[in-house]
Amino acid sequence: MKLTIPPEPMMLKKQFMEQKMEIGLKIDSLTLWLGNRLPSYLWKKGGWSIPLKEEGYNWQSFLKILSLHKREMIKWSKNALSWKDFLLKIQETIKDPVFKKMLVG
């Protein structure tokens, strides 16, 4: 399975930072998960839903995979991890047969 690297959603990253500043607390994880905007971007606009569905993944299993990468998501939002490296780490988990067996069956 080949997942493409969609363009980096700079607008989402900007929104994450603005919301974090508005709230004024260190709740990076909550801000990044609010509304599932980043997962939705990858699933829909990024085109990942089609190849993932072909492999047996659904929206819920995709969210579970992304939840394993909270630290990387935070690092990406703070420019401490490149978009490409962030997505490659997610893809490694998706391709891992142990995780696939747990999530897909």
Side-chain angles (χ1 to χ4, degrees):
M1 168 181 49
K2 178 69 174 151
L3 296 172
T4 60
I5 305 286
E8 185 172 10
M10 297 306 292
M11 189 59 153
L12 283 180
K13 187 185 272 190
K14 182 181 177 202
Q15 289 172 351
F16 295 148
M17 297 309 288
E18 288 172 355
Q19 286 178 335
K20 185 178 169 192
M21 292 182 79
E22 282 177 22
I23 296 169
L25 299 171
K26 285 200 160 236
I27 51 172
D28 296 313
S29 184
L30 176 62
T31 304
L32 289 168
W33 281 99
L34 189 66
N36 286 329
R37 289 175 293 176
L38 185 58
S40 292
Y41 173 78
L42 292 171
W43 186 257
K44 295 175 185 172
K45 293 181 181 174
W48 284 22
S49 65
I50 295 168
L52 289 174
K53 285 179 182 178
E54 289 172 356
E55 291 290 320
Y57 290 99
N58 60 27
W59 173 245
Q60 290 77 19
S61 59
F62 181 61
L63 289 177
K64 287 178 185 176
I65 289 169
L66 287 181
S67 73
L68 298 171
H69 293 277
K70 288 177 191 170
R71 287 186 178 143
E72 289 91 353
M73 195 180 296
I74 291 167
K75 286 181 180 180
W76 165 74
S77 75
K78 295 180 175 182
N79 295 316
L81 182 67
S82 75
W83 175 244
K84 182 178 179 181
D85 288 341
F86 170 52
L87 296 186
L88 290 175
K89 287 181 182 295
I90 294 169
Q91 289 182 27
E92 286 173 16
T93 302
I94 289 169
K95 293 175 185 176
D96 187 305
V98 174
F99 285 109
K100 184 171 182 180
K101 184 158 182 70
M102 287 174 24
L103 295 172
V104 177

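Quick note: numbers below take in every heavy atom, side chains included, and nothing from hydrogens, waters or symmetry partners.
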Item to check | Spatial distance of atom CG (Asn36) from atom CG (Leu66) [nearest 0.5 Å] | outcome: 9.0 Å
Next on the checklist: Restricting to non-hydrogen atoms, name the atom on Ser77 and the atom on Lys13 that form the minimum distance, rounded to 0.1 Å.
Outcome noted: O-CG, 3.9 Å
Next on the checklist: If I take atom CZ from residue Arg71 and atom CZ from residue Phe86, how far apart are they, to the nearest 0.5 angstrom?
Outcome noted: 14.0 Å
Next on the checklist: For Lys14, give me all partners under salt bridge (charged side-chain N to carboxylate O under 4.0 Å, His left out), at least two apart in sequence or on another chain.
Outcome noted: Glu18
Item to check | Nearest atoms (heavy-atom pairs only) where Pro6 meets Trp83 | outcome: O-NE1, 2.7 Å
Side-chain donor-acceptor pairs of residues 93-105 under 3.5 Å, sequence neighbours excluded:
unit_1, atom_1, unit_2, atom_2, d
Thr93, OG1, His69, NE2, 2.6
Thr93, OG1, Lys89, O, 3.4
Asp96, OD1, Val98, N, 2.7
Asp96, OD1, Phe99, N, 3.4
Lys100, NZ, Glu55, OE1, 2.6

Checklist entry - Do the non-hydrogen side-chain atoms of Leu52 and Trp43 ever get within less than 4.5 Å of each other? => result yes
Next on the checklist: Within this structure, what is the CG-CZ distance for the pair Leu38 and Phe16, rounded to the nearest 0.5 Å?
Outcome noted: 5.0 Å
Item to check | side chain to side chain contact (heavy atoms under 4.5 Å, CB included) assessment of Leu42 paired with Leu87 | outcome: CA-CA 9 Å; Leu42 292 171; Leu87 296 186; 3.7 Å; yes
Item to check | Leu3 side, atom CG; Gln91 side, atom CD - distance, nearest 0.5 Å | outcome: 4.5 Å
Item to check | Test salt bridge (charged side-chain N to carboxylate O under 4.0 Å, His left out) applied to Glu92 - qualifying residues, sequence neighbours left out | outcome: none
Checklist entry - Can you check side chain to side chain contact (heavy atoms under 4.5 Å, CB included) on Tyr41 and Glu8, steps first, answer last? => result CA-CA 10 Å; Tyr41 173 78; Glu8 185 172 10; over 6 Å; no
Item to check | Worked verdict on Glu72 versus Ile90 for side chain to side chain contact (heavy atoms under 4.5 Å, CB included) | outcome: CA-CA 9 Å; Glu72 289 91 353; Ile90 294 169; over 6 Å; no
Next on the checklist: Looking at every non-hydrogen atom in both residues, tell me the closest pair between Trp48 and Thr4 and how far apart they are.
Outcome noted: NE1-O, 2.8 Å
